[in-house]
Protein chains: 2
Amino acid sequence: MTEPRWLTPEQLCAWKKLIAVVELLPGTLESQLQRDSGLSHFEYFTLAMLSEAPDRTLRMTSLAAQTNATLARLSHVVTRLEKRGLVRREACAEDRRATNAILTPAGWTTVEAAAPGHVGTVLATVIDPLTATDVADLDRVMGRILEVLDPSHVMVGASSTDD
Amino acid sequence: MTEPRWLTPEQLCAWKKLIAVVELLPGTLESQLQRDSGLSHFEYFTLAMLSEAPDRTLRMTSLAAQTNATLARLSHVVTRLEKRGLVRREACAEDRRATNAILTPAGWTTVEAAAPGHVGTVLATVIDPLTATDVADLDRVMGRILEVLDPSHVMVGASSTDD
DNA sequence: CTACAGTAGTTGTAGCAACAACCAATCGAG
DNA sequence: CTCGATTGGTTGTTGCTACAACTACTGTAG
């Protein structure tokens, strides 16, 4: 019987706010993208990852890793994106088990069109209310939490254009 | 044609980390609760809100507000919780359109049993990696973001025992 | 060269959430 | 008091995600 630890009032307060953000933020991003571009956030993120990749091409497995999805989930989503003509599949020459997902020109156009609105929402809801100090603190604190949630840093790594 | 604004490198970096946390944290909480208590995070949160309410009773509408759910979603969930005997419904005397959701003794036992494990996960994944300064910064930054996401402070308000 | 383990991906199914349509009770204006 | 609008809640449908089973290919050990 270990005494169950509890949170201090300050920790509880911070925790409640974090959980509120975690609950509310996805919905906000989701509805903006759905309304303005007809994409779910996951679809947008998938297309964005492809758009940054060399040749706009990625193996299913590594695309799944970058989007933090199971292969099964990604497969279903790529099927839907393929039906809409935003992505196409291609058998991989080197390893015939593998499949490459490739962003089509229509897909590229779609991400390019969706990005400004999405970025605008991010700015409005998260960045603009923060000072430069806040942003630095956010970066540091989230970094610490990610050390636990994502120790192998699958979901990080810098880039330039999207998200 | 307004020049689309973009994020600075520092902002982008912080943003990516926040989005990673937002993606990863729910899954972590979800699986711990599911594994140890057979509850989804939403179910746990619903029961927790009821357990803190006067008489462990809440109108469907205000419970929906506190859990950030639509009435439709809450209705389905309460139906499932009712079938498991954790919650019961009762017609409201004052307003006969309204329904009260009430935590049963079995429901109370369930939350009490689930809470330590849940809190342990919160401590391990979010609180323990942070210093006291980090916690204060987290509180401040999330507070600023919530001003935008939840201006009417529906999802805040202090309390003692849960979550 | 075959047998077996591991890797890459797809597909079927079950459960939950979003949306919309719906019913019932209440409120408010004339 | 009664007709329309609003509020409170439930139910049916659709779409997406998780999980599990399955196919197909690769590589390696005997």
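Letters go in sequence order (proteins before strands), and every chain restarts at 1. Everything quoted here is computed from the prediction, not taken from an experiment.
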Taking the nucleotide of DNA chain D with the closest heavy atom to each, which residue, B:Asn100 or A:Glu94, is nearer the 5' end? B:Asn100
Whole angstrom value for the distance that separates P of C:dG15 from CD of B:Glu30: 16 Å
Closest to the side chain of A:Arg73, out of D:dT17, C:dC19, C:dT10, is D:dT17
Would one find more than 12 heavy atoms of other residues, nucleotides or ligands at under 6.0 Å from atom CZ of B:Arg96? no
May I ask you to decide if B:Ala53's main-chain N or O and B:Thr57's side chain share a donor-acceptor pair within less than 3.5 Å? no
How long is the line joining CD of B:Glu90 and C1' of D:dG9, in whole Å? 16 Å
Keeping to residues at least two apart or across chains, list the salt bridge (Lys or Arg N to Asp or Glu O under 4.0 Å) pairs with something in residues 129-144 of chain A. A:Asp134-B:Arg140, A:Asp134-B:Arg144, A:Asp137-A:Arg140, A:Asp137-B:Arg140, A:Asp139-B:Lys17, A:Arg140-B:Asp134, A:Arg140-B:Asp137, A:Arg144-B:Asp134
Could you tell me which residues satisfy side-chain hydrogen bond (donor to acceptor under 3.5 Å, both in side chains) with A:Gln34, sequence neighbours excluded, listed by chain and number? none
Between atom CZ in B:Arg35 and atom P in D:dC19, what is the gap in whole Å? 13 Å
Per the salt bridge (Lys or Arg N to Asp or Glu O under 4.0 Å) rule, what does the pair list look like for residues 97-111 of chain B, sequence neighbours excluded? B:Asp95-B:Arg97
Side chain of B:Ser75 - closest among D:dT10, D:dG12, C:dT10: D:dT10
Report, one pair per line, the protein and nucleotides 5-8 of chain C atoms (nitrogen or oxygen only) whose separation is under 3.5 Å.
| residue | atom | partner | partner atom | Å |
| --- | --- | --- | --- | --- |
| C:dG6 | N2 | A:Arg97 | NH1 | 3.3 |
| C:dT7 | O2 | A:Arg97 | NH1 | 3.2 |

Parallel, tilted or perpendicular: which one describes the rings of B:Trp15 and A:His118, with boundaries at 30° and 60°? perpendicular
I'd like a table of donor-acceptor pairs (distance under 3.5 Å, sequence neighbours excluded) in which one partner is a side-chain atom from residues 19-30 of chain A, with atom names and distances.
| residue | atom | partner | partner atom | Å |
| --- | --- | --- | --- | --- |
| A:Thr28 | OG1 | A:Leu24 | O | 3.2 |
| A:Glu30 | OE2 | A:His41 | N | 2.9 |

Would you confirm whether A:Ser75, through its side chain, and A:Ala72, through its main-chain N or O, come within 3.5 Å as a donor-acceptor pair? no
Rounded to the Å, how far apart are B:Glu23 CD and D:dA18 P? 10 Å
Any base atoms under 4.0 Å from A:Ala72, or only sugar-phosphate, or nothing? Heavy atoms, all strands. base
Minimal non-hydrogen separation, B:Ala14 against A:Leu138, with atom names: CB-CD2, 4.2 Å
Expressed as a whole number of angstroms, how long is the span from B:Leu74:CG to C:dA17:C1'? 13 Å
Within residues 77-89 of chain A, residues whose heavy atoms come under 4.0 Å of DNA chain C: A:Arg89
Using whole Å, report how far CZ of A:Arg96 lies from P of D:dT23. 18 Å
Examine the base of C:dG12 for any acceptor or donor lying under 3.5 Å from a partner atom in the side chain of A:His76, and report the outcome as yes or no. yes
